[in-house]
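Given the structure is predicted, the values throughout are model-derived calculations rather than measurements.
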Amino acid sequence: DGQKISKSIGNVIDPNELVATFGVDQVRYFLMAEVPFGQDGDYSETAMLATANGFLANALGNLQMRVMSLVHKNCEGAVPEPGPLSADDEAMLEAARAL
């Protein structure tokens, strides 16, 4: 919130608590997106949430529009019924499950 973090002031932020609250990926994304390399950054819960929500809204909105456009263009505007899985499909699913 624009205030320097200091142990003497008592406004230290525990990174373990941040990760427990927001998740490691969201904390990493916030730090990479919002804190200039080698410089001081500004943190607040509001900024953390706004960064994540903005990214999700843009990324998921973009994905949804692309999928809907593909369905409209290539499937006559209707999601097709799934067919049987090929060996390549099964291999990809098995690799994903092993992650």
Partners meeting side chain to side chain contact (heavy atoms under 4.5 Å, CB included) with N16 (sequence neighbours left out): D14

What residue pairs, at least two apart or across chains, pass ring-ring contact (aromatic ring centres under 6.0 Å, His included) with a residue in residues 45-79? Y29-F55

Check: residues 91-99 side-chain donor-acceptor pairs under 3.5 Å, at least two apart:
none

Pairs satisfying salt bridge (Lys or Arg N to Asp or Glu O under 4.0 Å), at least one member in residues 63-81, at least two apart: none

Backbone of G54 reached by a side-chain donor or acceptor of N58 within 3.5 Å: yes

Any residue meeting side-chain hydrogen bond (donor to acceptor under 3.5 Å, both in side chains) with S86, in chain and number order, not counting sequence neighbours: D89

Is M48 linked to L56 within one hydrophobic cluster, defined over Ile, Leu, Val, Met, Phe, Trp and Tyr using a side-chain heavy-atom separation of less than 4.5 Å? no

Among pairs that include at least one residue of residues 80-99, which meet ring-ring contact (aromatic ring centres under 6.0 Å, His included), considering only residues two or more places apart or in two chains? none

By side chain to side chain contact (heavy atoms under 4.5 Å, CB included), which residues pair with V19, not counting sequence neighbours? V24, V27

Residues clustering with L63 (ILVMFWY side chains joined when closer than 4.5 Å, directly or via others): V67, V71, V79

Side chain to side chain contact (heavy atoms under 4.5 Å, CB included) filter on I13, not counting sequence neighbours, yields I5, L18, Y43

Please list, chain by chain and in numerical order, all residues satisfying salt bridge (charged side-chain N to carboxylate O under 4.0 Å, His left out) with D88, sequence neighbours excluded. none

Which ILVMFWY residues can you reach from M65 by hopping between side chains whose heavy atoms are under 4.5 Å apart? none

